[in-house]
Amino acid sequence: MAVIAKRVRITGIVQGVGFRPFVYRIAVSRGLGGYVLNLGGSEVEVWVEGSPEAIRGFLEDLRSKRPPPARIEELVVEDVRPNGYAKFEIRRSGSRVRVYSQVPPDFGVCSDCLREVLDPSSRWYRYPFNSCAWCGPRFSMMYGVPYDRRNTAMREFPMCEDCLREYRDPTNMRRFHAQGISCPKCGPRLLLVNCDGEEIRGDPIAEAAKLIDEGYIVAVKGIGGFHIAALATDDEVVEELRKRKRRPQKPFALMALSIDIVKRIADPSEVHVKLMLGAERPIVLVPKKPGSPVSDLVAPGLSELGVMLAYTPLHYLLLRETRDKFLIMTSGNPSGLPIVKDNKEALRKLAGIADYFLLHNREIVNRVDDSVVRITDGEPTLIRRSRGYAPLWFRLPFKLKNKVLALGAMLTNAGAIGFDNYAVLTQYVGDCDNVENLDFLLSALDFLKKVYRFKEDVVASDMHPTYPTTLVAEALSSRNDISHVKLQHHHAHVASAMASNGIGMEEEVLGIAVDGIGYGLDGQVWGGEALLTTYTEFQRVAHLEYIPLPGGDRATERPARILAGLFFERMGEDGVKLALKLGLDKRLPGGTIELWVAARTAASSPRASSAGRFLDAVSALLGICWLRTYEGEPAMKLEAASRGGTLVPGLRLEYEAKGEQYVALVGDFIMALVDRLGREPVRDLAYTAQYLLGRALAEAGLEATGARTVVVSGGAGVNDYIVKGIKDSARGRAKVLSPKGVPPGDGGLALGQVVIAGLRG
Ligand code: ZN
Ligand code: ZN
Ligand code: FE
């Protein structure tokens, strides 16, 4: 029999996920000799020798049967001369030079672990911390690299004999060298306490479930932080939770026991289901089902519910014992502050929110919030990139010249580091307008610096002069005597989307940034921009017309101010009369007086070319939402109100050349919209405004540049109808790319900052 040999190099998520015992198993089952070896740098080397058929079968298994969280990015097979290996072995990682080792993210519980937890004859029966090589926490419990038990919070829990035996058994695919394994004998424990820290007797899970069913609010320690659990079907409970969290409108996420339960409350498509079942287990925005038992107060004014599946055995066991089998599971944090992760801190900071606390004694090392995904015009888009995704790196198709530390902007922020051909975003941090979140940002960056032995030679920030992150960057640059690069917000947005799509260093694209607020080169607020962009340079070729923001931030909070200002600028006193006729005074907390002030101060107010502010104004005009209580609220509700809408014939959003640039005339459009009020369904008017916004920017940008590639980014890049408008105008002229694996909003900005600052000379 002919013996041949192959050397296979596999790159991707192949370390810390049980890849070596898996390779061992499939090689031995086909009678092959050779070895498997971790190389570092997220690379595994396999040597196999045996008959050609056996090797072919092995390579098929390698691709099709891999452990669920493993991801193969690259697989290179090389013919080699057989070495006469009689046996197959798992080799120790040896003394090879380690390049960089990727930090694995947290994985949702696998079906095998869940099966063990539900099997009365298993030694993991009802064990809330069961995990294996294929699943369980990673990043959230790591102090450093490599991913060995001694570098994780599991070092406090020495393995019992049974666990140790399985850990050492190479034929045990799921537990051989699985760093996080434990059992009821040796692992972490649960404890249920009241607000005073007094233990509640009985089975903690059963008691917690009972309390939740009775309408109590329970804080639950998970893997990346605390959740607040409460009934989602009881208006009174939801209202009470809103009061305690001081969160009048912002949607709460739900957690469901299974896909069957999800289908009881929402209408998931196949793509939604696939996203929900992925090892990342994100919150997925799914259309709400008509007649859904979920309280309307969970996501007021929105057409979608944020739903995730139970992603640890603890969650599963808890949900299973509740009556609904789905619950509100919102982040456990005081408004605007980082998610709480320690027991004592929880009792202190969540005391005003939760009645009871379901705690455990494993430390959460790195706090990491739930990720959020939605489908935008058919494609998955990340809204928040955190648990399950962070801190995976992005491989760039070029090498960076500088080592960059990037601090992002301000709202829904994340930071990043960049070196060689890697960019690594931190987990989601939140709004960096307070000291706590700034501290969180810096410590998240410190973790990355430690594991990649990274020291920056450039620090990058937004060019907004008063963002706290800009000021911190300034301080870092002067303290360490390194340069500080200040970057235009939307250039960074577009660069982020470009890098996530692997666009090459020399390429030029038309970047369309549909965004809220970003500091412009002219000192005004930008946010509806078409930019001819490379990684290092950009040129503004088209933008939305500037509209007034009377009172600055107040106009963002109360978008009817924008309308009052706009009408007055165009029509003088008649504009005020129009505003009163439309009842805009009733959409302002300060009534007629506020309306007057807004109109009269328009001329001296800041001005914005922002897609977000345009959408806000339309939302207020159509009577959909006129008070913003959370970021993006009027625009999100506008999109929700457009479901099933169609284009209103004759309504147009024109653009014209002004100097060097095209300007999309949103003021004229809003006046035309006023004429149609009451004559066309709100749904269609709402739809038309968003669709035409995307269309106008894309048309103008394409006409100005003739670009063949359009890249969409910015916070409103998740809006179905804007993206559809962009795609429709590009059809047949240019391809349209959306950010891949990175949020189009400010949570993905630092990736762009790293790349721009890393490539500039
Ligand atoms: Zn598992
Ligand atoms: Zn054990
Ligand atoms: Fe932005």
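In listed order, ligands and their atoms are each counted from 1. Predicted, not measured: the structure shown is a model, and the values here were computed from it.
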What's the atom name of the N, O or S in Asp746 nearest to the Fe ion (ligand 3)?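 Nearest N/O/S atom: OD1.
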Measuring from the Fe ion (ligand 3), name the closest N, O or S atom belonging to Asp515.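 Of the nitrogen, oxygen and sulfur atoms in Asp515, the Fe ion (ligand 3) lies nearest to OD2.
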Looking at Arg613 and Glu557, does any basic side-chain N land under 4.0 Å from a carboxylate oxygen?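 Not counted as a salt bridge, because no side-chain N and carboxylate O are separated by less than 4.0 Å.
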Do the charged groups of Glu537 and Arg760 touch, with an N to O distance under 4.0 Å?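 The answer is no: the pair does not qualify as a salt bridge.
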Any luck finding a side-chain donor-acceptor pair between Thr533 and His491 under 3.5 Å?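 Side chains of Thr533 and His491: no pair found under 3.5 Å.
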Closer than 2.8 Å to the Fe ion (ligand 3): does that hold for any N, O or S atom in His493?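 A backbone or side-chain N, O or S atom of His493 is under 2.8 Å from the Fe ion (ligand 3).
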Cationic tip of Arg384 within the cone over Tyr428's six-membered ring, i.e. under 6.0 Å and within 45° of the normal?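 Yes, a cation-pi geometry.
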If the Zn ion (ligand 2) is the vertex, what is the angle to SG of Cys183 and SG of Cys186, rounded to 10 degrees?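 Reported to 10°, the angle equals 110°.
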To check your reading of the site, what angle at the Zn ion (ligand 1) do SG of Cys110 and SG of Cys113 form, to 10°?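 SG of Cys110 and SG of Cys113 make an angle of 110° at the Zn ion (ligand 1), to the nearest 10°.
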May I have the angle between Cys132 SG and Cys135 SG with its vertex at the Zn ion (ligand 1), rounded to 10°?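 My answer is 120°, to the nearest 10°.
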Determine, stepwise, if the pair Arg174 / Glu116 fulfils side-chain contact (heavy atoms from CB on, under 4.5 Å). CA-CA 12 Å; Arg174 285 174 44 239; Glu116 289 162 349; 3.0 Å; yes
